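These numbers come from a predicted model, not from an experiment. Numbering of residues begins at 1 and proceeds along the displayed sequence.
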Amino acid sequence: WRSEDRVSLEQERRPVLAFNALHPVVNFVSGYQSDRWQDPRAFPRGSEDEQLGRDATSELKYAMDVSKGQYKFHTQFRRGYIGGLQVMEVGHTFDNTDDIIEGEVSLTVLPQNAWYCDPGAREYDRNDAWWQGKLLWIGVDEAKQRWPGKKFSYSFAGLWDSTGADPRTTGVPEQLLTEYYAKDAEQIRVMQHWYRVPKKVVLVVDTPTQQIIPMQSEAEADKFLKTMRDQAGQAMASRFKTIQSSEAVGLQDMETGQTLPMPTMEAADQQLDNIRKQAGEAVAQKYRVIVRDRTALRTTHMTAWDLLDDGPSPYLDDWRMPFSPFIPYQDTDDLYSIKGGIRDLKDAQRELNWNHSTLQDELVRGPKSGWWLPKDMEAQVEDLRQKIHRSGFMGTYNSGVPQQISPAIISEGFMRLMQFDQAALMWISGINAELAGQTTQKTVSGRAIQARQAGGLVGLSSVMMRWQMTQEYTFTLLLKRIQQFYSVEKMIRVLGQSQREARTMGMLGQRIEPSELLAERFKHLKEIDFDIRVGFQDAAPTARQAVVAQMLQFMAAGMPIPPNLILEASDVPYKEEIKAALEKQGNQLGPPNEMLAKVLGAGQGQGQKQPDGVNLS
C-alpha cells in the first residue's frame, strides 16, 4: 500500500487488506531455478588429461557441500529476482570450519544494499570496474582484535565528542554519526574497498612450447634471458677444447672427435667465444618478452576517517573481483534500469488491493436490507429485530404498509476490474495458469497444456541466461580459491578418502592409485586454467523423461552413449549409489531382463490389442 492510501483508509475506518499476488510468482520462478539445478563441470583448457577436469569437478562439489552452496545460490537467485540485484562474495575463511589449518572456501550472500560498485562498469560481472566494495557492521571487540594497532582510534572508541571529533570541525553532520557507530549494538561501520592500480605485466614466452613465465619487471626478464644465454653458451663451449702442439693449433669437438685447425691460440679462443655466443643467441631467440599495461587489485579497510589497513589482494594475482552479482533485468546502462521481476507487477498488485477495498467499502456502507414499519407496529420493533435475520435497519413511519429496503448489490464494475488486475498479473509476469498448475479447463489436451507451458517458460529464458552467467563466474572464483588455498594433501584427502571408503564397501572395483601419482596430478591441477560449464535440466519432468527415452533409443541404435550420462539426465533417486555400482562393473550395463521388459511394456499398453472404438490415427 502507498502510505497516503493507507492513511486514507484508516481515517475512514476501512480495513487495509492486501492480497499478496506477487509471492506466488516469486515462489514459482525460484522453484523453477531450484528444479533445474545442476552441479557445475570443470574442463581443462588445452589437451590436458580429462581426469584433471573430473578431479576439479569433485573438488568443486566438496566446496559446495561445506559452504552450503546450493542453498546460498538459491537465496541469491530469490532475493535477486525480488529486488533486482543480489551479490555473492567468494572468499576464504577459518571461521566455522573443522579445518583450522587450511580453512575452507566460503560463499556469502551479502545483505541488501551492502555492495557498491563503480557506476562506469558495463560488463555483466562488473569486472571492468575500477573499484567495488562492501559495507559491514563489526562489533567493537572484534574490530579491536582484527586491528590491534587502532584500538584507541576515534572510530573504535565511539566517543567522538570527547576526543575532539566535533561535527563543527570534522565536517561530519551530527545525524550521520550513527552511520559510523551503533552505540546500542556496540558496532562500528567498516568499509572493505577493492580497487585497481596501474601495473606493467612482463611475460617471457617460450615460443616452441608456448610456456608463459611471469616476471616482476623488464629487468628481471632481461636477467632471465642473460642466464639462459649464458647457460646455453657455456654448455656448448664445454663440448670443445683447444689443442696445441709444435706443429698446429686446433679446436676439438669432444663429442664427435673432429678437430677444427686454427692458426693461433688467440684465433682458437676467439672461435670458442663465437661458438658460445651463437649457442646463447640461438637459445635466447626461443624466448619472447611481452610487456602489457594491466592493473593490480588491492584492498583496504576504512571506518569513519580512519584507514585500518591497505595492501594487495589476498587472492594472489587474480584480477577478478571477489563479488559475483545477479541482475535479472537491465535493458540499458542506466543504473535505475536494474530491476527484478516485481517492479512491473506492483501497479497491478496495488490496483487489485485498492479495488477490493473500495468494493468492500460499498458493501459495508450500503444497506444490509431493512424495514420501514407503520407507527402502530412500533412496539413490535425489538421483537422483529430478533426474528428478522441481520436486519441492517428497522424504523417506523406514520402510516402505510411495511416496506423492505433491498441490500446493496455487488458492483459489477469493480468485479471486472479485479478480474482484469488478476489477469494483468499473469500477462506481465508471463506465469500462466498451466505453469502454476492452476488451470481448471478440462477439455484441453495434455499436448496443448505442455505447449502453453513451453511458451510461458520462454519468457524466463532471459533471466535464466543471466543466472547462468552468474553461476559460471561464481564457480570460476570458487575454483580459483580451491587452487590457491587447498594443498595437494587436502585435495587428495577430499577425493582419495571418498574413493577408499567406496572401495572398502565394495562399491568401486578399480585399484587405488598410488599417492605419488595423485600428488603429481593435483600439483598440475593447482596450476592449469579451467573452463566452467553450468547447464540446466529440462524444465518439466515429462521433458526430462523424453530426453532419457531418446538417449536409450540412440543407444539401442548403436551409438556409444555412456550409461552414466543417461543416469545423470534422469530423475531417479540414489544416483550416486548407482554410479558407484556402474563404475564397479566398468560402466557396462548388465544383460537385459526380457521378462522385466515384457512387464513394463504391458504396463504401458505396448503389445496389447486396442479395444474397439479407439482412434488409432
So does [X] have more than 12 non-hydrogen atoms from other groups sitting under 6.0 Å from [atom1]?
X	atom1	value
Gln360	CD	yes
Arg343	CZ	yes
Phe420	CZ	no
Tyr71	OH	no
Asn96	CG	no

Going from [atom1] on [X] to [atom2] on [Y], what distance comes out if it is rounded to the nearest 0.5 angstrom?
X	Y	atom1	atom2	result
Leu107	Met88	CG	CE	5.0 Å
Glu142	Gln187	CD	CD	9.0 Å
Gln86	Asn113	CD	CG	9.0 Å
Met321	Glu89	CE	CD	12.0 Å
Ile338	Asp333	CD1	CG	10.0 Å
Asp125	Glu472	CG	CD	11.0 Å

Pair Tyr329, Ser337: side-chain N/O donor-acceptor within cut-off below 3.5 Å: no

Under 3.5 Å, side chain of [X] to main-chain N/O of [Y], donor-acceptor pair present?
X	Y	result
Arg78	Gln76	no
Ser34	Ser30	no
Asn355	Met418	no
Thr470	Pro325	yes
Asp35	Gly31	no
Asp118	Trp130	yes

Is there a side-chain contact between [X] and [Y] in this structure, where contact means two heavy atoms from C-beta onward sitting under 4.5 Å apart?
X	Y	value
Tyr124	Phe326	yes
Ser357	Leu17	no
Arg189	Leu136	no
Asn353	Phe19	yes
Arg320	Leu297	no
Arg196	Trp319	yes
Phe323	Leu110	yes

Of the options Leu345, Leu460, Asp344, which is the one that meets Ser429 in a side chain to side chain contact (heavy atoms under 4.5 Å, CB included)?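 Result: among Leu345, Leu460, Asp344, Leu345 is the only option passing the side chain to side chain contact (heavy atoms under 4.5 Å, CB included) with Ser429.
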
Walk me through whether Glu59 and Met491 qualify under side chain to side chain contact (heavy atoms under 4.5 Å, CB included). CA-CA 7 Å; Glu59 300 292 335; Met491 289 183 177; 3.6 Å; yes

Stepwise, does the side chain to side chain donor-acceptor pair (under 3.5 Å) test hold for Tyr473 with Gln468? CA-CA 9 Å; Tyr473 180 61; Gln468 184 169 354; over 6 Å; no

Please name the residue in the list Tyr116, Trp194, Trp115 that meets the side chain to side chain donor-acceptor pair (under 3.5 Å) test with Gln132.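 With Gln132 as partner, side chain to side chain donor-acceptor pair (under 3.5 Å) holds for just one option, Trp115.
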
Assign the ring pair Phe485 / His92 to parallel, tilted or perpendicular, where the plane angle (0 to 90°) is split at 30° and 60°.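 Rings of Phe485 and His92: parallel, under 30°.
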
So, is the end of the Lys490 side chain (NZ or CZ) under 6.0 Å from the ring centre of Tyr486 and within 45° of the ring's axis? yes

Is Arg481 close enough and on-axis enough to Tyr315, meaning under 6.0 Å and within 45°, for cation-pi? yes

Apply side chain to side chain donor-acceptor pair (under 3.5 Å) to residues Thr474 and Ser324 and explain how you reach the verdict. CA-CA 6 Å; Thr474 305; Ser324 179; 2.7 Å; yes

Assess the residue pair His301 and Arg146 against the criterion (side chain to side chain contact (heavy atoms under 4.5 Å, CB included)); give the C-alpha distance rounded to whole Å, side-chain angles, the decisive distance to 0.1 Å, and a yes or no. CA-CA 11 Å; His301 290 84; Arg146 290 182 61 179; 3.9 Å; yes

Step-by-step side chain to side chain contact (heavy atoms under 4.5 Å, CB included) determination, Gln330 to Arg466: CA-CA 10 Å; Gln330 187 180 13; Arg466 287 171 166 264; 4.2 Å; yes

Taking only residues two or more places apart in sequence or in another chain, which ones pass side-chain hydrogen bond (donor to acceptor under 3.5 Å, both in side chains) with Ser411?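 Counting only residues at least two positions away or on another chain, Ser411 forms no side-chain hydrogen bond (donor to acceptor under 3.5 Å, both in side chains).
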
Carefully, step by step, assess Leu417 and Trp354 under the rule side chain to side chain contact (heavy atoms under 4.5 Å, CB included). CA-CA 10 Å; Leu417 280 175; Trp354 179 259; over 6 Å; no

Just checking Trp467 against Tyr81, ring centres under 6.0 Å apart?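 Ring centres of Tyr81 and Trp467 not closer than 6.0 Å.
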
